[in-house]
Amino acid sequence: QRRLSWQTTGQGVAPGSAGRLALGWAVEVDGPQHFFKSGRKVPTPTGATLLKRRHLQLLGYRLVSVPHWEWEGLHGPDAERRYLEMKLRAA
């Protein structure tokens with residue numbers, strides 16, 4: 001299992017926060033246990049995962065969720081860095 005080797009912080013407005021300043025970033029790599037095992041083409045997050053995401057957003061965090069299959073498909077630190085930069089820009 002690989003770990004992130006760098007961190008980033010940011011300021012911004014969280015979705016639905018009515019202009020409140022965000023506390024920072026929350027980045028989570030969602031493992032297989034965060035999704036139902038349904039055989040669907042697009043995996044469905046569990047209720048607990050959706051609730052955690054919503055709580056983080058309500059607390060003022062800008063959330064970036066990284067599905068495990070996307071993270072595991074990256075090859076090396078440069079690809080991981082580029083991927084996270086892309087996800088952070090989109091958040």
Side-chain angles (χ1 to χ4, degrees):
Q1 184 176 21
R2 293 181 278 168
R3 296 189 185 274
L4 298 179
S5 59
W6 58 280
Q7 297 176 337
T8 185
T9 60
Q11 294 293 319
V13 178
S17 64
R20 221 177 11 169
L21 208 56
L23 295 174
W25 297 96
V27 177
E28 180 176 22
V29 178
D30 290 318
Q33 70 278 11
H34 291 246
F35 300 93
F36 289 110
K37 294 172 180 41
S38 64
R40 295 181 180 175
K41 288 185 180 183
V42 178
T44 303
T46 64
T49 296
L50 293 174
L51 184 62
K52 178 176 27 175
R53 291 175 183 175
R54 182 71 179 137
H55 283 168
L56 287 168
Q57 290 172 339
L58 288 172
L59 288 170
Y61 288 94
R62 293 183 72 170
L63 178 62
V64 174
S65 296
V66 178
H68 67 92
W69 62 88
E70 289 181 3
W71 186 254
E72 291 166 354
L74 300 172
H75 301 287
D78 288 337
E80 292 168 352
R81 180 184 49 78
R82 285 191 305 273
Y83 175 85
L84 287 174
E85 287 172 349
M86 181 265 309
K87 295 287 271 188
L88 290 168
R89 276 193 299 275

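Worth saying up front: this structure is predicted, and the values here are computed from it rather than measured. Numbers for residues simply follow the sequence, beginning at 1.
The OG1 atom of Thr49 lies 7.5 Å from the CD atom of Gln33; values are rounded to the nearest 0.5 Å. Between the NZ atom of Lys37 and the OG1 atom of Thr46 there is a distance of 10.0 Å, given to the nearest 0.5 Å.
Heavy atoms only, all atoms of each residue included: His68 and Val29 are closest at CA-CG1, 4.4 Å. Smallest separation of non-hydrogen atoms from Tyr61 and Ala26: CB-CB, 4.1 Å.
Listed for the Thr44 side chain is no donor-acceptor partner under 3.5 Å among the backbone atoms of Phe36.
Each of Arg81, Arg82, Arg89 was evaluated against Glu85; a single residue qualifies, Arg81, per the side-chain hydrogen bond (donor to acceptor under 3.5 Å, both in side chains) test.
Taking Ser65 as the reference, Arg53 meet the side chain to side chain donor-acceptor pair (under 3.5 Å) condition, with sequence neighbours excluded. Listed by chain and number, the residues in a side chain to side chain contact (heavy atoms under 4.5 Å, CB included) with Tyr83 are Val66, Pro67, Glu70, Trp71, Leu74, Met86, Lys87 (sequence neighbours excluded). Partners of His55 by side chain to side chain contact (heavy atoms under 4.5 Å, CB included), not counting sequence neighbours, listed by chain and number: Leu51.
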